[in-house]
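Handing you this structure, nothing more for now.
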Amino acid sequence: MQYWLMKSEPDTFGIDDLKSRGREHWDGVRNYQARNFMRDQMRKGDKIFFYHSACSEPGIAGIASVVKEAYPDHTAQNPESKYYDPKASADDPRWYMVDVKFEKKLKRLIPLGELKRNPALEGMTLLKKGNRLSIMPVEEAHWQAILAMV
DNA sequence: GCCAACGTTGGC
DNA sequence: GCCAACGTTGGC
C-alpha cells in the first residue's frame with residue numbers, strides 16, 4: 001500500500017464536500033506528472049492526505065482512500081467543461097482520474113506552517129520550494145509523523 | 001492582489 | 001532541440 005497527498009481548493013471542493021458526498025471522482029488533473037502518478041501507481045486501498053490549497057488556511061484537512069483505479073477523465077472530452085482539452089479523444093483520453101472515498105477529517109487541520117517546522121518532515125515533496133504538484137507520493141515515515149501532529 | 005516558481009506552447 | 005513567452009499554481 002502506498003500513501004499519497006492530493007491538493008484541492010476548499011472553495012471549490014474541500015474535505016467537508018468529500019465528507020458529504022462520501023465518494024467522488026478526482027477529475028480535472030491536467031499535469032502529466034500528477035496524471036502519471038494516478039494512472040501508473042495509484043492502487044485501490046491506497047491512503048490519501050486531503051490537502052487544502054490556495055486558501056486562507058493551507059494544510060492537511062483529512063484522509064481519503066482510493067476506491068477505483070485510473071480511468072479516462074471524461075471532462076477532458078466535454079467542450080462544456082472547464083477542464084475541456086481539445087487534444088483528448090475517446091481513442092486517446094490523455095487525462096485520467098481515480099475515485100476516492102472519504103475516510104475521516106482530522107481533529108484539527110494541520111497548517112502548512114507547522115509541517116514546515118517539523119524536522120521529521122524534512123525532504124517531503126510538499127515542502128520543497130516551488131512545488132506545485134497537485135498529487136504526490138508520501139513516505140510512510142512522513143505519513144506517520146504527520147498523524148502524530150494531530 | 002502580488003509575485004516566484006514552474007510547466008507548456010510554439011516559433012525558429 | 002532551444003528558449004522566450006505565456007499561463008497557472010499557490011503562499012503570503
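So you know, we letter chains A, B, ... as the sequences are listed, proteins then strands, and number each from 1. Side chains included, hydrogens not; waters and symmetry mates left out as well; all remaining heavy atoms used.
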Q | Any donor-acceptor N/O pair, A/Lys7 side chain to A/Leu133 backbone, under 3.5 Å | A |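 Checked: pair present.
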Q.
Can you identify which nucleotide, out of C/dG10, B/dG10, B/dT8, has its nearest atom closest to the A/Ala54 side chain?
A.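 Within the option list, the nearest is C/dG10.
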(Q) Given B/dG7, B/dT8, C/dC12, identify the nucleotide with an atom nearest to the side chain of A/Leu112. (A)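 Side chain of A/Leu112 sits closest to C/dC12.
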Q: Send over the distance from A/Lys128 NZ to C/dG11 P, rounded to a whole Å.
A: 17 Å
**Q.** Any A/Lys129 side-chain nitrogen or oxygen under 4.0 Å from OP1 or OP2 of B/dA5
**A.**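 The answer is yes; a side-chain N or O of A/Lys129 sits under 4.0 Å from OP1 or OP2.
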Q. With the threshold set at 4.0 Å, does a side-chain nitrogen-carboxylate oxygen contact exist between A/Asp73 and A/Arg30?
A. yes
Q. Just how far, in rounded Å, is C1' of B/dG7 from CH2 of A/Trp95?
A. 10 Å
Q.
Distance check needed: B/dG7 P versus A/Tyr32 OH, whole Å only.
A.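 Spelled out: OH on A/Tyr32 to P on B/dG7 is 13 Å.
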Q.
So, does A/Lys7 get its side chain near the phosphate of C/dG10, meaning an N or O under 4.0 Å from OP1 or OP2?
A. yes
(Q) Looking at C/dG11, I'd like to know if its phosphate oxygens (OP1 or OP2) sit under 4.0 Å from a side-chain N or O belonging to A/Tyr51. (A) yes
Q: Please work out if A/Lys116 contacts a base, only the sugar-phosphate, or nothing of the nucleic acid, heavy-atom cut-off 4.0 Å.
A: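 Result for A/Lys116 = sugar-phosphate.
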Q: Answer with yes or no whether the side chains of A/Tyr32 and A/Arg94 bring together a donor and an acceptor at under 3.5 Å.
A: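 A pair is found: one side chain offers a donor N or O, the other an acceptor, under 3.5 Å apart.
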Q: Evaluate the ring planes of A/Phe49 and A/Trp143, with Trp represented by its six-membered ring, and classify them as parallel (under 30°), tilted (30 to 60°) or perpendicular (over 60°).
A: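 Ring orientation of A/Phe49 relative to A/Trp143: parallel.
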